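The structure appears right after this line, and notes come after that.
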4 protein chains.
Amino acid sequence: MTKSAAPKMNKKALLREESIGRLTQAAFRLIVAKGYHACTLQDIAEAAGLTKGAIFFYFESKENLLLQLLDIAEAHIVDPLIEHLDEKRGTAPEKIASFFRFTSKQGIDRPHELLCLIKMSIESRTGTDIADRRVSEIYERIYGMLEVIVDRGKASGELPRSLPTREFATLVVATHDGMMLEWHRRGGGIDGRLFVRTVWQTFLNGILGPKA
Amino acid sequence: MTKSAAPKMNKKALLREESIGRLTQAAFRLIVAKGYHACTLQDIAEAAGLTKGAIFFYFESKENLLLQLLDIAEAHIVDPLIEHLDEKRGTAPEKIASFFRFTSKQGIDRPHELLCLIKMSIESRTGTDIADRRVSEIYERIYGMLEVIVDRGKASGELPRSLPTREFATLVVATHDGMMLEWHRRGGGIDGRLFVRTVWQTFLNGILGPKA
Amino acid sequence: MTKSAAPKMNKKALLREESIGRLTQAAFRLIVAKGYHACTLQDIAEAAGLTKGAIFFYFESKENLLLQLLDIAEAHIVDPLIEHLDEKRGTAPEKIASFFRFTSKQGIDRPHELLCLIKMSIESRTGTDIADRRVSEIYERIYGMLEVIVDRGKASGELPRSLPTREFATLVVATHDGMMLEWHRRGGGIDGRLFVRTVWQTFLNGILGPKA
Amino acid sequence: MTKSAAPKMNKKALLREESIGRLTQAAFRLIVAKGYHACTLQDIAEAAGLTKGAIFFYFESKENLLLQLLDIAEAHIVDPLIEHLDEKRGTAPEKIASFFRFTSKQGIDRPHELLCLIKMSIESRTGTDIADRRVSEIYERIYGMLEVIVDRGKASGELPRSLPTREFATLVVATHDGMMLEWHRRGGGIDGRLFVRTVWQTFLNGILGPKA
DNA sequence: GATGAATGAGCCTTCATTCAT
DNA sequence: TATGAATGAAGGCTCATTCAT
């Protein structure tokens, strides 16, 4: 449904979508594999079966391609995540468990998009260029959401008052990102589902005690 | 004492140490800040108050400079860590807590060296070039050590038999690296000591329950 | 006919041939004038009215450009030479005279290609890199052909049995290359045709006596 | 006797001569092997067991080192050659035979010096820099001498009047240089003495007929 | 819609050269 | 006497970018 929104879409538009899709997928894959700076437009174009020129035709610049990828990742991952947690009724710990569960599912369905976001958040910390700021922006949304959950949890007594909000939200993100990166790094060697479960059970136990 | 081992060191040797030191420190700092690929030798040389030529005089190539940094990081961080945990008597959970405590201290004393290691481990996953393989090698040492600790802990009943060794070791590294990266990312915004304590207390609670 | 094989060739292909042609001609000229190592890609690009980038677009590296030049020189000079002498009926001395006559004509028509070959064969003798080996390969073809001619000449009594094959073939090449180099060196000062005739008449007399 | 001209030479001067000797010999060897431009001062210094600085201490620049080599080659090879042919009584053909015989002996005794001269005469033909002009100067001496011999031979009837002086002198040099280069190129493969004899006998026969 | 030719800024690297010691 | 440290100009090469077709 997403792809064929307009059933009367003409051939040109179809071709356009097809090419853009191939380029973005190739870009996601290669940026995750080699890092943004180490990966050339040549690489991406070749992987997509097109030429460098096509990238400029569709995206105008390398930076803009990256911004598009970030938009996609935000729309596919962060928006649904926030929506999901907003709608969800439940205690703070439950919401945090949901956070892990939900993004883990994303990480399995769309590993490149999630990993692209995480790797971009790490590759550069200068904060000077547009893409860096865009990444920060996305991360701030996540931090903001988590801090609200934690604060409410503390207010309602679901979480210990002593928990430092900011540091704890940071810990959640850290554990999550670290988990995804290690999962990607050790690829073949570990059992994904087992690993994810180990992570958030440990984590939840950590906050609430082993009964939770 | 390490630096001034020979107090009667001649001027040339002193100059050499001084320059190498300035270059490696600048390299550590800039690679952590901008990533290896995004950071030029010009940047590094300027930050060290020297010229590109000096880098080639001392290190022969950009890749070799990186390898030297990895050697330094391994010697300053990983070697002492492994030694520390080897010597230490205690249960598996205590050793894992020590792992966090020890490297956190390293992360505060020599943040650039630890972060350089972590960032390099993330920037590229192709595993094709020498530096990539060197990073993997270093990480394998850490993984190996952790897996031994976990296995012994399981054998002695200090850790639940149900704990999957490999996945759990991965979780420890993931949490640790994620923590360091987030700490670095949010820099001014969070309280380092408070954060680190939050991390490993949560983590330990997660394994052993809140009393531990 | 060779160049305009397809009269309906499209513009891109024409442009390509034109640019490649200009670059190779410039490269031949400059390498002959200044030597391979002393001549920069900047020099070549400028002489061809293009930029360094264009060289890499077409040839990928300086070494590869040289290899292309060697291929061209072999195809234009050595192949026809060997074919010519293979087809030719006649005694060994006649064939050797033909050798001089034929390559002298080549040397006048395409002086840069022949001289490039000769100069490259002299500039380096390390034999370590690819281009060096390629040059040796080409020269071995010439030596092989000459040695066959000499051996047959000795067998048929056209050449004295006492003539040492290998040394004599070397002499032919030495005289020929020396001649071309000196002709190039003294450029304006000597009469090319007169010089060439002097060379091979002297040479032939040397083998067969003044009557030949 | 040449080296220890002053029997009371002090240690410093001896050391000086020793170092200069090692450097020039290394330079001769390497320039012949790799060509002037392809051979770095580092190479030379290392081969001499010294450092780059020493070269500048003794020679001031790379070009100046080359000029010194050319001076040495001229003094050791060209001066004795001209002296030898001047003193020698005999016909023009005999003098030319002497020319080959004499330099061949030089080529065997001091191959690097003679080959350095020849290779330098080929590597560059721009004639713009000092070293190029110096090489030309040396070659002009040889050409001048040969042309005098040929002219006198023609005047006295020892050589055919029809012989074009300039072209013939060029031929002599061409044959000689070509011979030396090929001898060096085919190194192990050919018999030096046999080769040289083949060359000049052929050559002489060429001018005078097989009886000479 | 997409390509192939070409550019130019900037990178890593080399190397002759300088100089304090 | 000779070295080791350091430089700077220039070389080969990469890569994002432009543009005519």
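Side chains are part of it too, since the values below use all heavy atoms of this structure and drop only hydrogens, waters and symmetry mates. Values in this document were obtained by computation on a predicted structure and should not be read as measured data. Below, chains carry the letters A, B, ... as their sequence lines are ordered, and counting in each starts from 1.
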Residue set satisfying side-chain hydrogen bond (donor to acceptor under 3.5 Å, both in side chains) with Asp71(C), at least two apart, ordered chain then number -> Arg134(C)
What's the closest nucleotide to the Leu15(B) side chain, out of dT18(E), dA6(F), dC13(F)? dA6(F)
What is the distance from CG of Asn10(C) to C1' of dA20(F), rounded to the nearest Å? 13 Å
Here the distance between atom C1' of dG11(F) and atom CD1 of Ile55(C), to the nearest Å, is 12 Å
Side chain Ser19(A), main chain Arg16(A), donor-acceptor under 3.5 Å: no
Tell me whether the OP1 or OP2 atom of dA16(F) has a side-chain N or O from Ser61(A) closer than 4.0 Å. no
For the pair made of CG in Asp129(A) and P in dA16(F), what is the distance, rounded to whole Å? 15 Å
Taking atom P of dA5(E) as reference, at what distance in whole Å does atom CZ of Phe56(C) sit? 17 Å
Partner of dT21(F) by Watson-Crick or G-U wobble geometry, both contacts under 3.5 Å, or none? dA2(E)
Looking at Lys12(C), I'd like to know whether one of its side-chain N or O atoms comes within less than 4.0 Å of OP1 or OP2 on dG4(E). no
Return the value, rounded to whole Å, for the distance between atom CG of Asn64(B) and atom P of dC12(E). 14 Å
Could you state the atom-to-atom distance from NZ of Lys62(C) to C1' of dT14(E) in whole Å? 12 Å
Go through dA6(E), dA16(E), dA6(F) for me and flag the one nearest to the Phe57(B) side chain. dA6(F)
From dA5(E), dG8(F), dG8(E), pick the nucleotide closest to the side chain of Thr51(C)? dG8(E)
Are Lys119(C) and Ile31(C) packed together at the side-chain level, in the sense that at least one heavy-atom pair is separated by less than 4.5 angstrom? no
Roughly, in whole Å, what's the span from CG in Leu65(A) to P in dT17(F)? 10 Å
Side chain of Lys52(C) - closest among dT17(E), dG10(E), dA6(E): dG10(E)
Closest-nucleotide 5' rank along DNA chain F - winner of Glu60(C) and Ser19(B): Ser19(B)
Could you check if a side-chain atom of Phe59(D) sits within less than 4.5 angstrom of a side-chain atom of Ile20(D), using non-hydrogen atoms only? yes
Mapping Ala54(A) and Glu63(B) onto DNA chain E by nearest heavy atom, which one lands closer to the 5' end? Ala54(A)
Do you know the tightest heavy-atom contact between Val32(B) and His112(B)? CG2-O, 3.4 Å
Would you list the atom pairs, donor with acceptor, under 3.5 Å between side chains in residues 41-49 of chain B and any protein atom, with sequence neighbours excluded?
| unit_1 | atom_1 | unit_2 | atom_2 | d |
| --- | --- | --- | --- | --- |
| Asp43(B) | OD1 | Thr40(B) | OG1 | 3.4 |
| Asp43(B) | OD2 | Lys34(B) | NZ | 2.9 |
| Asp43(B) | OD2 | Thr40(B) | N | 3.1 |
| Asp43(B) | OD2 | Thr40(B) | OG1 | 3.3 |

What residues 28-50 of chain A contributes to the DNA chain E interface at heavy-atom separation below 4.0 Å is Leu50(A)
Taking only Lys NZ, Arg NE, NH1 and NH2, and the carboxylate oxygens of Asp or Glu, determine whether Arg133(D) and Glu137(D) approach each other closer than 4.0 Å. no
Taking atom P of dT17(E) as reference, at what distance in whole Å does atom CG of Leu66(D) sit? 12 Å
